[in-house]
Amino acid sequence: MPHQKFESGNIKPRYSKGKISVFGINSVYPRTPWIVAWWSAAFPGFGHMFVGKYLHGFILIIWELVVNEKSNLNMGIALSFLGRFEEAKTQLNQDWCLLYIAVYVYCIWDSYRCAVEINKSHVLAEVEDAPIAPSDVSFFDVVILDKKNPWVGMAWSAFTPGLGQLYGGSTIVGTFILAWWIFVCYKAVAVRAWLHSFLGEFSSTAMVDWQWFLFLPSMYVFAIYQAYTSVNESNILFDIEQIRFLRVRAANLNQLNTIDNEVVQIIATFEHSPFVEMAIHDIEKLGVPSQNIVALPLENLESQAHILDSIHRVDGRSILDGAMMCGTIFAVLGAIYGFILYWGPIIWGLLGLAGGFFLGLAIELALNRKKLKVFASRKSEVIIEVTCNASLKNELIKALKSRKAMGFVIMPKQVRSYL
């Protein structure tokens with residue numbers, strides 16, 4: 001339990017849990033360091049973006065696009081995998097290649113180090129238990145910390161990378177990803193190749209620029225997964241802030257203990273959402289004193305991992321990590337070998353993504369089979385106890401239903417016996 005309680009959102013904490021602004025939503029969320037390092041190895045800058053260091057990520061991504069293109073590194077990698085080693089050597093620009101090595105190694109090392117630092121900061125922020133302003137209103141935007149569906153963000157980024165980030169409230173990140181995707185697709189002639197491939201004109205893939213096209217598999221997979229994780233993190237940040245708010249509220253109330261025959265007690269359960277605070281406000285509008293409304297978060301006891309990572313767990317680990325990592329690898333390999341196979345790099349890249357995803361998922365399931373559940377069970381997360389006059393019972397139940405209470409019970413009268 002935190003040892004310090006803040007009542008004012010104006011008090012600046014030493015260790016912040018997160019920040020909400022017109023630029024987007026960011027949080028201090030723990031990540032497994034070796035997974036962060038792997039994303040940096042897949043594409044410099046991705047590891048830093050994965051832990052929320054977006055400025056570092058933007059700089060390193062631009063560096064990767066410039067230096068990799070100038071050195072023809074992707075072309076050299078593709079030709080090497082195809083066994084055309086002498087041709088690969090002639091394609092590489094040694095002046096630019098030598099500039100690439102040090103920064104590439106630094107990206108992997110620094111992203112690992114940052115993940116370790118952020119994990120420690122997350123622990124200290126939880127101890128300090130400082131508040132987070134749940135909204136930011138400016139001339140340009142209205143940003144509200146609310147519960148969203150990570151799979152919706154994932155789906156939008158699957159259609160066009162960047163849209164999932166915009167859905168999650170990350171304006172700058174979404175804009176950057178969308179811009180880089182459009183630019184690289186244009187340079188690679190990827191949209192025209194995609195159209196011809198699905199029309200069955202596979203010979204048209206000769207128009208594709210290999211050097212730029214091989215950026216796309218890693219970019220595409222990361223954009224999808226980053227959209228999922230960023231929405232997931234925002235949901236967890238909402239849960240953490242609402243838990244803090246409810247605990248501070250309960251500590252400031254003096255609950256009435258006397259109950260007579262004209263009073264009823266109703267207990268309702270909710271999931272963490274804005275409806276919790278709206279329900280409390282509605283009950284107060286009915287004339288119920290604030291001290292008669294007790295709202296507290298529940299401590300759920302389940303600790304097993306899930307295939308579809310629950311938004312109520314903050315351990316930095318997802319079963320989908322391995323699946324997306326493997327999907328990235330096979331998408332790149334599918335695109336490389338697709339240049340010499342009949343269906344072309346678009347179709348083989350997508351097949352590699354799907355096959356790698358399910359292979360990675362199978363490996364994760366095999367490694368975690370003893371401690372894994374397929375789906376997270378639905379949980380009650382907040383309990384509200386209301387003590388009010390019996391005449392308000394029906395209106396109170398109506399208010400609870402309208403605010404999406406998961407269930408409620410009217411406490412029976414207890415008859416005391418004196419023996």
Side-chain angles (χ1 to χ4, degrees), residues 34-47 50 61 64-65 67-69 71-89 91-92 97 100-101 104 107-108 154 157-158 161 180-181 184-185 187-191 193-194 196-198 202-226 319-367:
W34 71 265
I35 294 177
V36 177
W38 186 91
W39 278 114
S40 281
F43 200 108
F46 283 2
F50 195 49
I61 288 169
E64 164 69 13
L65 293 175
V67 178
N68 192 312
E69 193 274 334
S71 64
N72 288 324
L73 185 61
N74 280 349
M75 181 70 77
I77 292 172
L79 292 173
S80 297
F81 273 93
L82 295 175
R84 295 154 61 177
F85 302 113
E86 291 302 321
E87 191 177 349
K89 290 179 184 178
Q91 287 289 331
L92 293 175
C97 278
Y100 188 90
I101 299 172
Y104 181 76
C107 290
I108 299 172
M154 199 173 185
S157 274
W180 107 44
W181 179 255
V184 176
C185 282
K187 296 290 287 186
V189 200
V191 176
W194 180 89
H196 286 293
S197 294
F198 280 91
F202 303 114
S203 60
S204 63
T205 56
M207 70 179 70
V208 174
D209 187 322
W210 289 30
Q211 170 62 33
W212 286 97
F213 186 86
L214 291 179
F215 285 127
L216 295 177
S218 298
M219 286 182 165
Y220 184 68
V221 178
F222 179 76
I224 293 172
Y225 193 47
Q226 201 275 335
I319 299 301
L320 294 181
D321 283 334
M324 299 304 286
M325 289 164 59
C326 201
T328 305
I329 295 170
F330 278 82
V332 173
L333 293 176
I336 289 174
Y337 290 105
F339 283 109
I340 61 172
L341 297 175
Y342 178 64
W343 286 346
I346 299 288
I347 301 296
W348 281 111
L350 293 174
L351 290 175
L353 170 59
F357 176 87
F358 287 110
L359 176 61
L361 186 59
I363 293 172
E364 289 277 15
L365 295 180
L367 295 175

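Remember, it's a predicted structure, so these values are computed and weren't measured experimentally. Position 1 is the first residue of the sequence; numbering continues from there.
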Completion exercise
In this structure, CH2 of W210 is separated from CD of Q91 (nearest 0.5 Å) by 9.5 Å
Handout entry: Spacing of CH2 belonging to W38 relative to CZ belonging to F43, to within rounding of 0.5 Å
Key = 12.5 Å
Practice task
Report the distance from atom SG of C326 to atom CZ of F358, rounding to the nearest 0.5 Å.
Solution key: 12.0 Å
Practice task
Could you pull out all residues at least two apart from Y104 that satisfy ring-ring contact (aromatic ring centres under 6.0 Å, His included)?
Solution key: Y100
Exercise for the section: Taking the side chain as every heavy atom from C-beta outward, state whether F46 and I61 have any pair of such atoms under 4.5 Å apart. Expected result: yes
Exercise for the section: Enter the distance from S40:OG to I108:CD1 here, rounded to the nearest 0.5 Å. Expected result: 7.0 Å
Practice task
For this output row, return yes or no: ring centroids of F222 and Y225 closer than 6.0 angstrom.
Solution key: no
Handout entry: Residue pair N68 / Q211, side-chain donor-acceptor N/O under 3.5 Å
Key = yes
Exercise for the section: Look at the rings of F50 and W39 and say which category their plane angle falls in: under 30° parallel, 30 to 60° tilted, over 60° perpendicular. Expected result: tilted
Handout entry: Gap between atom CG of L79 and atom CD of E86 - 0.5 Å precision
Key = 11.5 Å
Practice task
Rounded to the nearest 0.5 Å, what's the gap from OG on S71 to CD1 on I101? Could you check?
Solution key: 10.0 Å
Exercise for the section: Could you walk me through whether F215 and W180 pass the ring-ring contact (aromatic ring centres under 6.0 Å, His included) test, one step at a time? Expected result: CA-CA 10 Å; F215 285 127; W180 107 44; over 10 Å; no
Exercise for the section: Answer whether the closest heavy-atom distance between the side chains of L82 and E87 falls below 4.5 Å. Expected result: no
